[in-house]
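Written out below as structure tokens is the structure these notes cover.
Residue numbers start from 1 in every chain, and the chains themselves are labelled A, B, ... in the order their sequence lines are given, proteins ahead of strands. As the structure is a computational prediction, the values presented were derived from the model and not from experiment.
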Amino acid sequence: MPVAPTAAPVAAIPPLTLTAFEGPLDLLLHLIREHKIDIADIPILQVTEHYLAHLRAMEAMNLTVAGEFLVMAATLLEIKSRLLLPKPPKEVGEDGEEGEDPREELVQRLLDYQRYKAFVATLATWEGDRRQVFFRGQAAYGDLYELPVPYGEFSSASLVKALMRLLTEMGSDGTAGTAHVGRAKVTLRLAMATLWRKIQRAGSEGIIFDECFERPLVRFDVIMTFLALLELLRQARISAIQEEMLGEIRLAVDVQKAEDETGEEDSAGTDGDAESAESEEEALEEFE
Amino acid sequence: MAATEARQEEPRVYTLEALIALLEGYLFVAIEPVTPADVAKVLGLAAVEVEEALEDLVNLYARRSKSGLQIMRIAGGYQIATKPELAQDIGKLLAAPAGKARLSKPALETLAIVAYQQPVTVAEMEAVRGVSVDGVVKTLLDRRLIREDGRKAVPGRPILYATTPEFLHYFGLSSLEDLPPLEDIAVAEAEKAQEHDALQAVGLEE
Amino acid sequence: MAATEARQEEPRVYTLEALIALLEGYLFVAIEPVTPADVAKVLGLAAVEVEEALEDLVNLYARRSKSGLQIMRIAGGYQIATKPELAQDIGKLLAAPAGKARLSKPALETLAIVAYQQPVTVAEMEAVRGVSVDGVVKTLLDRRLIREDGRKAVPGRPILYATTPEFLHYFGLSSLEDLPPLEDIAVAEAEKAQEHDALQAVGLEE
């Protein structure tokens with residue numbers, strides 16, 4: 001590798017190529033093909049120069065260079081420096097392998113990525129073909145194609161839809177959203193505790209979604225309660241069940257998960273450690 | 001009460017002809033792929049019997065060259081669909097142009113990785129793509145093309161992701177076995193990709 | 001831009017065969033009954049031409065005695081439907097736990113009230129059912145089985161609700177006049193259903 005570190009000037013790069021890359025690997029593959037390079041024997045010095053030239057060009061155009069591109073630049077530079085170092089006679093103690101090629105891992109990643117990238121073309125073809133046929137009821141589904149919700153399986157989309165519904169409900173009520181001046185502020189923790197108690201009290205039957213929300217509906221409280229609901233779901237304290245597509249969403253204490261869990265049985269949601277309290281404050285601020 | 005009585009009645013005997021007619025009717029009303037196993041269970045028949053009848057129906061439709069309908073083997077079942085050559089006109093009639101809102105390239109790349117490596121974690125997807133996949137994973141989850149599939153038994157217990165029946169349906173596949181071996185594609189598409197790259201360089205293709 | 005160009009293109013010429021295939025495909029995907037006038041307008045054809053092709057299709061299906069499907073003239077249009085003799089088996093298949101979007105009992109009850117009392121307010125529905133119907137009304141709206149139909153001229157001006165064409169379709173009705181007279185039902189089911197009594201009571205007030 002007799003190339004000087006300050007290699008021959010790189011040909012001007014057509015600016016149109018800059019935005020087209022999915023990531024650093026995509027850019028590298030492009031450079032490799034463009035310069036008809038053997039992927040198994042990459043001239044790292046040359047490729048690194050080309051790669052850095054691209055990044056510089058991006059910066060020159062005031063495009064933000066994503067962190068991933070910089071990480072790859074660092075990787076390339078590291079490989080380059082390892083290649084320039086005189087090879088130790090034998091790697092000592094390391095899996096008994098002979099001094100491995102520093103490029104090996106990168107080559108493997110490029111080959112892997114190339115395979116998936118190639119498959120994308122196939123997927124896109126299939127996508128196009130499949131869109132040439134129509135199924136019954138498809139018009140009603142619209143573009144967001146969705147197979148019917150299996151019996152009893154809960155769909156998070158329906159939960160969100162339910163929230164939108166409630167917010168709309170408030171919108172149609174003239175007092176909504178403006179009447180909370182001077183009201184005690186609901187914190188997420190308080191909302192979680194209230195909701196948790198309400199659901200616990202309801203026993204195995206649980207409560208229906210609409211019952212989570214205190215009337216009259218106030219936008220802030222609804223959002224807080226909904227966040228509390230999501231948090232309780234996320235913590236698997238409760239589960240959401242929708243038995244029929246048009247049925248109500250029921251929320252009940254998750255018996256199975258509750259049994260799995262060790263410790264913290266009662267009044268959970270009112271305690272909670274400092275860390276989660278902090279993130280709750282953050283969550284709260286977002287909605288102020 | 002009448003409903004439970006109905007379930008206890010003797011399984012009826014269907015002639016092949018009657019079974020095919022029934023399946024045709026059911027394929028029509030069911031707005032999702034129909035699996036032989038489900039039908040067999042309800043009717044008290046053997047799954048092979050139902051499958052054979054469904055295959056007969058597929059062939060029957062295939063022979064009607066002038067018909068606007070076909071029966072597809074898709075997402076593990078059978079489903080009636082319109083023929084591809086009608087796409088443009090039907091799109092016009094439905095006021096829903098075919099081929100809009102397709103998946104983005106990052107989404108397709110990520111989906112390709114999930115399809116072949118499932119179950120797979122976000123970190124593993126990112127290792128292959130070399131970029132963050134958080135946003136893309138969320139989109140794919142929202143569109144139900146992937147789903148959570150347990151957690152990996154490594155520190156941090158990261159969530160594993162797998163493809164869904166909707167994934168098969170979206171790409172018109174019958175099962176995951178329809179996916180070609182990854183190596184074959186790489187070879188076959190290598191030249192195409194080079195072409196595409198050339199176009200990309202000149203900015204003719206996005 | 002491409003979309004607007006497409007609209008300006010010359011109307012295509014369809015052979016009768018091609019038109020029939022297209023209509024078959026469209027009848028299949030369209031959930032609502034298809035009227036010759038609508039199709040004719042989109043395709044740039046004469047309504048009679050489309051109607052004749054649809055009639056040919058009706059006859060074509062009628063000749064397939066072994067098929068499970070037929071084409072019906074319903075609600076001023078044409079629609080593919082399963083044959084009546086399959087109703088029981090198909091009902092069984094659809095009711096199996098694997099499927100599907102059925103109406104919940106509260107939803108059906110509320111829908112019944114709207115069907116007979118439309119236009120009707122939420123308060124009036126609740127008076128009949130004795131429980132809150134807010135959630136159910138929303139789901140029926142989402143499902144497009146009912147729609148808002150103005151406001152009642154009483155204090156608070158509550159929203160009035162009425163059924164939709166989808167409602168007719170869902171229950172296989174050609175028009176609202178096909179609903180059985182409430183009195184007949186009430187007499188026939190007097191002993192069974194207290195709710196029906198309530199329904200009748202409110203129904204007679206109007």
Side-chain angles (χ1 to χ4, degrees), chain A residues 13-17 19-30 33-34 36 66-69 71-72 109-148 150 155-157, chain B residues 28-29 31-33 70 72 75 79-87 90-91 94 96 98-103 105-106 108-109 111-113 115-116 127-132 142-144 165-166 169-173 180 182-183 185-186 188-190 192-194 196-197 200-203 206:
Chain A
I13 290 140
L16 284 170
T17 64
T19 52
F21 301 103
E22 296 300 330
L25 291 169
D26 200 18
L27 173 53
L28 274 181
L29 280 180
H30 168 75
R33 272 199 296 269
E34 192 179 49
K36 304 205 161 40
E68 296 99 356
F69 284 92
V71 171
M72 179 57 75
R109 284 184 70 190
L110 283 170
L111 287 172
D112 276 353
Y113 180 68
Q114 192 177 36
R115 268 189 219 113
Y116 288 111
K117 199 171 141 56
F119 183 56
V120 164
T122 309
L123 276 181
T125 308
W126 288 348
E127 182 187 37
D129 289 350
R130 161 56 189 77
R131 275 163 177 264
Q132 295 301 302
V133 309
F134 291 85
F135 299 99
R136 189 167 157 72
Q138 194 175 331
Y141 285 139
D143 259 341
L144 286 178
Y145 181 81
E146 206 174 278
L147 291 173
S155 135
S156 60
Chain B
F28 171 75
V29 291
I31 50 176
E32 60 187 345
Q70 59 172 333
M72 287 177 78
Q79 193 168 14
I80 307 183
T82 59
K83 286 193 178 162
E85 56 267 31
L86 300 177
I90 289 187
L94 286 176
K100 80 170 199 227
R102 297 175 65 147
L103 290 172
K105 244 170 86 184
L108 285 174
E109 269 187 30
L111 208 44
I113 298 163
Y116 280 98
V128 175
R129 286 199 61 219
V131 294
S132 161
D142 283 348
R143 293 191 72 159
R144 292 180 150 234
E166 280 86 350
H169 202 277
Y170 187 85
F171 292 104
L173 302 171
L182 207 46
E183 290 71 22
I185 303 167
E189 302 268 336
K192 258 199 235 167
Q194 216 144 356
H196 167 83
D197 237 45
Q200 200 178 45
V202 206
E206 57 104 34

Backbone of B/L103 reached by a side-chain donor or acceptor of A/E127 within 3.5 Å: yes

Chain A contacts, top residue of B/V29, B/I80, B/V131 (heavy-atom pairs, under 4.5 Å): B/V131

Proximity breakdown for B/I113 and chain A, heavy-atom pairs closer than 4.5 Å: both

B/A87 versus A/F134, closest heavy-atom pair with distance: O-CE1, 3.6 Å

Heavy-atom pair of closest approach, residues B/V128 and A/Y113: O-CD1, 3.3 Å

Closest heavy-atom pair and its distance - A/R109, B/G130: NH2-CA, 3.7 Å

Part of B/Q70 lying under 4.5 Å from any heavy atom of chain A: side chain

Which portion of B/L86 sits near chain A, non-hydrogen atoms under 4.5 angstrom: neither

Inter-residue atom distance A/D26.CG - B/K105.NZ, 0.5 Å rounding: 5.5 Å

Max heavy-atom pair count under 4.5 Å with chain B, selected residue of A/L25, A/D112, A/D129, A/L111: A/L25

Distance, nearest 0.5 Å, that separates OH of A/Y116 from CZ of B/R129: 12.5 Å

Residue pair A/A124 / B/L108: nearest heavy atoms and the distance that separates them: CB-CD1, 4.0 Å

Backbone N/O of B/H169 and side chain of A/R130: donor-acceptor pair under 3.5 Å: yes

Distance-minimising heavy-atom pair for A/R136 and B/F28: CD-O, 3.0 Å

